[in-house]
Amino acid sequence: MPDKIICIHIGARAHYLLPKALAAQDKLEMLVTDTWVKDEWLRKLLVKLPVRMIKSFASRFAPEIKSSQVKSFSLPFLLKEVALRLKHKNDWQLILARNNAFQQKALPLFLQLPRTTVLGISYTSLDIFKAAAERKQKTILFQVDPAVKEEEIVAAITAANADVYPSAWQKAPATLWENWRKECSLSDVIMVNSEWSRKGLIA
């Protein structure tokens, strides 16, 4: 394992399990994330808010990670996410827009950091990995699901049961998979979150 790893991390997936594990082993160079609520008073305020979707932002913090090891772009991105959540918008176009916005803001922060190994999360790492390749940095992609294989399975089940169980489910745009394949091609290592994901990626 390299001496230090940069973790590019959108949201609080698995409550920062990966960067916390790296920090515990003194392997975390820096966590680059969208929203990091380091102030306890603000977390306490968020918890008291009546809207559950906004209240959840209080979890954008982990005491196991020193705030000095975190670079974030908290307020602008947080306000944008709050607006989307209040509108209950979560369609594919908005997901792609959020992923792209995250990468655009994370990239300049990443370029300020040492040229050590970078760990990114699937669907949000393409721009970072392109820059890492130019800087000759090793890359690890954390794959959160079986990707397009899972979509194929869900599509088949949805179509087979459409008469009995109508569904509003939609396939992801082709752009998502095009970018994902590029992410994979730029990855030195792909780390999966489960045996299910491993089998899906192999397939």
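Side chains included, hydrogens not; waters and symmetry mates left out as well; all remaining heavy atoms used.
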Report yes if the side chains of [X] and [Y] come closer than 4.5 Å at any heavy-atom pair, otherwise no.
X	Y	answer
Lys4	Pro114	no
Lys171	Trp177	no
Val148	Arg181	yes
Trp196	Lys149	no
Arg135	Leu111	yes
Val144	Tyr123	yes

For the atom pair [atom1] ([X]) and [atom2] ([Y]), what is the distance rounded to the nearest 0.5 Å?
X	Y	atom1	atom2	result
Asp39	Leu45	CG	CG	11.0 Å
Thr124	Leu96	OG1	CG	12.0 Å
Ile65	Cys7	CD1	SG	8.0 Å
Thr33	Ile10	OG1	CD1	8.0 Å
Leu107	Ile8	CG	CD1	9.0 Å
Ile121	Asn99	CD1	CG	10.5 Å

Verify the neighbour count for atom [atom1] of [X]: are there more than 12 heavy atoms of other residues, nucleotides or ligands below 6.0 Å?
X	atom1	value
Glu195	CD	yes
Lys38	NZ	no
Gln69	CD	yes

Are the side chain of [X] and the backbone N or O of [Y] linked by a donor-acceptor pair below 3.5 Å?
X	Y	value
Gln143	Met191	no
His9	Gly11	yes
Gln103	Leu126	yes

Any idea which heavy atoms bring [X] and [Y] closest together, and the distance?
X	Y	result
Ser197	Pro146	OG-N, 3.5 Å
Leu31	Trp36	CD2-CZ3, 4.0 Å
Ala12	Arg60	CB-CD, 3.8 Å
Ala106	Phe73	N-CE2, 3.8 Å
Ala131	Phe110	CB-CE2, 4.0 Å
Lys20	Ala62	CD-CB, 3.9 Å

Inset, instruction - If a pair satisfies side chain to side chain donor-acceptor pair (under 3.5 Å) and one of its residues is in residues 182-191, list it, with sequence neighbours excluded. - result: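 Applying side chain to side chain donor-acceptor pair (under 3.5 Å) to every pair that reaches into residues 182-191, excluding sequence neighbours, yields Thr139-Asp188.
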
Legend entry - Among Leu119, Val189, Ile190, side-chain contact (heavy atoms from CB on, under 4.5 Å) partner for Phe142: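 Among Leu119, Val189, Ile190, the one meeting side-chain contact (heavy atoms from CB on, under 4.5 Å) with Phe142 is Leu119.
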
Legend entry - Candidates Lys71, Lys105, Arg98 - the one meeting salt bridge (charged side-chain N to carboxylate O under 4.0 Å, His left out) with Asp34: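 Checked Lys71, Lys105, Arg98 against Asp34; only one passes salt bridge (charged side-chain N to carboxylate O under 4.0 Å, His left out): Arg98.
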
Legend entry - Non-neighbouring partners of Glu178 that pass salt bridge (Lys or Arg N to Asp or Glu O under 4.0 Å), sequence neighbours left out: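 In terms of salt bridge (Lys or Arg N to Asp or Glu O under 4.0 Å), with neighbours along the sequence ignored, Glu178 is linked to no residue.
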
Legend entry - Trp169 reachable from Ile153 in the ILVMFWY side-chain graph, under 4.5 Å edges: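 No; Trp169 is not reachable from Ile153 via cluster members.
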
Inset, instruction - Could you check Leu113 against Val118 for side chain to side chain contact (heavy atoms under 4.5 Å, CB included), going step by step and ending with a plain yes or no? - result: CA-CA 10 Å; Leu113 299 174; Val118 55; over 6 Å; no

